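So that the names make sense, note that chain A is the first sequence line, chain B the second, and so on, each numbered from 1. Nothing here was measured: the structure is a model prediction, and the numbers come from that model. Side chains included, hydrogens not; waters and symmetry mates left out as well; all remaining heavy atoms used.
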Amino acid sequence: MPQRPLLPSSPPSFPPSLMSCVSSYALHGVNNKGVNKTMNAPHTHSPTVAVAVSGGVDSLCAVVMLHNAGFRVLALHGLFLPDGPTVAPAGLAEACATLGIPLHVADLREAFQREVLNPFAAAYAQGRTPNPCAYCNRAIKFGVLLDTALALGADKLATGHYARLVPGPDAPTDAGEDETSETYPLLAAAADAAKDQSYFLSLVPRQRLSRALFPLYGQNKEQTRAIVAAAGLAVPLPSESQDICFAPPTAQAGISAAEAYRPFLERHWQAAGTIAPGPGPVLLLDAAGNKREIAQHKGLWRYTEGQRKGLGIAHTEPLFVLTKDSATNTLVVGPRALLGIRTCVTGPANIALPPHLWPDRLLVRLRHRQRPCPASVQVEDACLRIVLDEPQFPTAPGQVAAVYDEEGRVLTAGVVEEMA
RNA sequence: UGGGAUGUAGCCAAGUGGUAAGGCAACGGGUUUUGGCUCCGUCAUUCGAAGGUUCGAACCCUUCCAUCCCAG
């Protein structure tokens, strides 16, 4: 399959120039007269940037960079987890105090429950495989958290995401002079392809991104750590927790990190009175198209398309989940050769750029860290119909399909409904 | 009840006298702001059982046990 790097492979030299940060589109608009007028910002020369801070090194780096660049910065920590702490991490307040910037704490637990946790559990109960990070970015970080930032008087909300904002081809060429038109940026992949998080941000509407700032867009993790260290700050939450944030692995019970979401779901369903889907047959599909029952599954929600580990079926070769049939409560498994998908259809898409402005050659990402693969995409009733040039490892209903151009810009994205 | 065949790890399976391959599964770890994929590591002092031959046996001999097939 054609291999074309989405982005330059070599990261920018260290240390990243703050000038480039300021002059890039990532910060473009902060000094835009029109935007400030819209926002009624009192000091047009000193825009205020709120930074969403978790306590991790990335968001802290964003604070440092913007602070060093001379912006008025306020730190904003959102409380998300229903059973989590009700105050910001201790070290975070300390770090903000060191820099002399205010720290606000927003209690967003109710919204997080409503917009992320409940849909997450509901999707699994339906046999889907949701992407909570994508929903969180759309509804929480660039939803209610952004609203909170604006209400606090900020012009922008910066986060520690590794993603880029670039002017879209449909943007007015001289937005600064045109006070009536808003300049909506396009989301694009970060410079460091290994850390790029544009996939998780691809459902955020473009209007919302016009208030976003991603200072880390051009650097890698090493540089991020170095910047924070150079500022003399200790990272409040040093561990790089990469799993589902609301379903941490339980130290006891031998639950591995990867399986932590299952106990979470069981607790959630029990509390909600939902009956978890039960056991059923596992059918083995062979190359000849024959099916035969070879095992029992423990509930379809425990499996996802393309899954290998955890099937517990000893066979002459590795078996993967091919399809899940909720109607018959059947799991179909088979050898790797039978896995590929060629098409998928999404629900209503977040269309960043009108389809008539799309280039001929499109690339699609069906999962985080996948090299975008060539495909053709059609918009039908605001939904995406994606036909891949080459068969790809399957995604799953509930996952995000993001469409890029060759420059790494996100043109549109949607949640997968069907695939074949 | 005769005749034939087969018994190697949880499953499949190589190995016919020289000191137990490999695959699957499982478990542990790496990677990762989702699930999944992927990568690395661990996993039979022992070859259905008991005797015998041999310097040496999963391999040869004897008996027993178990399973499968064909007859009846």
Within the structure shown, what part of the strands sits under 4.0 Å from [X] by heavy-atom distance: base, sugar-phosphate, or nothing?
X        : value
A/Glu317 : sugar-phosphate
A/Thr304 : base
A/Tyr124 : sugar-phosphate
A/Phe246 : nothing

message: Parallel, tilted or perpendicular: which one describes the rings of A/Tyr124 and A/Phe120, with boundaries at 30° and 60°?
response: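 A/Tyr124 and A/Phe120: perpendicular rings.
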query: For A/Arg302, does the CZ atom sit with more than 12 other heavy atoms under 6.0 Å from it, leaving out its own atoms?
result: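 Yes - once you tally the heavy atoms of other residues, nucleotides and ligands closer than 6.0 Å, there are more than 12.
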Spacing of [X] atom [atom1] relative to [N] atom [atom2], expressed in whole Å:
X        : N      : atom1 : atom2 : answer
A/Asp192 : B/rU31 : CG    : C1'   : 14 Å
A/Arg371 : B/rU32 : CZ    : P     : 17 Å
A/Arg365 : B/rG35 : CZ    : P     : 16 Å
A/Gln370 : B/rU32 : CD    : C1'   : 14 Å
A/Leu284 : B/rC11 : CG    : P     : 18 Å
A/Leu319 : B/rC11 : CG    : P     : 17 Å
A/Tyr261 : B/rG35 : OH    : P     : 8 Å
A/His297 : B/rA25 : NE2   : C1'   : 19 Å

Given the [atom1] atoms of [N] and [M], what is the spacing between them in whole Å?
N      : M      : atom1 : answer
B/rA50 : B/rA57 : P     : 15 Å
B/rC12 : B/rG7  : C1'   : 14 Å
B/rU38 : B/rU16 : P     : 34 Å
B/rU46 : B/rA14 : C1'   : 16 Å
B/rC60 : B/rC69 : P     : 26 Å
B/rC11 : B/rA26 : C1'   : 11 Å
B/rC43 : B/rG22 : C1'   : 14 Å
B/rA9  : B/rC59 : P     : 15 Å

Please determine, for [N], whether a Watson-Crick or G-U wobble partner exists with both distances under 3.5 Å, and give it or none.
N      : answer
B/rC64 : B/rG48
B/rC59 : none
B/rG41 : B/rC27
B/rU32 : none
B/rU1  : B/rA71
B/rA21 : none
B/rU54 : none

- request: Establish, yes or no, whether the cationic atom of A/Arg365 lies under 6.0 Å from the six-membered ring centre of A/Tyr404 and within 45° of the ring axis.
  value: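 Yes, a cation-pi geometry.
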- prompt: Is any NZ, NE, NH1 or NH2 atom of the basic residue among A/Glu417 and A/Arg128 found under 4.0 Å from an Asp or Glu carboxylate oxygen of the other?
  reply: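 A salt bridge links A/Glu417 with A/Arg128.
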Check the interface with nucleotides 37-44 of chain B: list each N/O to N/O pair with the protein under 3.5 Å, or write none.
| residue | atom | partner | partner atom | Å |
| --- | --- | --- | --- | --- |
| B/rC37 | OP1 | A/Arg308 | N | 2.6 |
| B/rC37 | OP1 | A/Lys309 | N | 2.7 |
| B/rU38 | OP1 | A/Arg308 | NH1 | 3.4 |
| B/rU38 | OP1 | A/Arg336 | NH1 | 2.8 |

message: Reading RNA chain B from 5' onward, which residue's closest nucleotide shows up sooner: A/His315 or A/Pro130?
response: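 Looking at RNA chain B, the more 5' nearest nucleotide goes with A/His315.
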message: On RNA chain B, compare the nucleotides closest to A/Lys141 and A/Glu305; which residue's is nearer the 5' end?
response: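 The answer here is A/Lys141.
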- request: Just do the side-chain hydrogen bond (donor to acceptor under 3.5 Å, both in side chains) check on A/His368 and A/Asp196 with the steps written out, would you?
  value: CA-CA 9 Å; A/His368 181 45; A/Asp196 173 43; over 6 Å; no
query: Would A/Tyr162 and A/Asn220 count as having a side-chain donor-acceptor pair, cut-off 3.5 Å?
result: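 Short answer, no.
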- request: Ignoring hydrogens and angles, state whether a donor on the side chain of A/Thr224 or A/Gln219 is under 3.5 Å from an acceptor on the partner side chain.
  value: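 Their side chains do contain a donor-acceptor pair, which is all the 3.5 Å distance test asks for.
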field: Test applied, side-chain contact (heavy atoms from CB on, under 4.5 Å); reference residue, A/Leu186; option that passes from A/Val166, A/Val410, A/Leu209, A/Asp405
entry: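 Exactly one option meets the side-chain contact (heavy atoms from CB on, under 4.5 Å) with A/Leu186, and it is A/Val166.
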message: I need the single residue from A/Leu157, A/Leu146, A/Asp155 that forms a side-chain contact (heavy atoms from CB on, under 4.5 Å) with A/Arg211. Which is it?
response: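 The passing option is A/Leu146.
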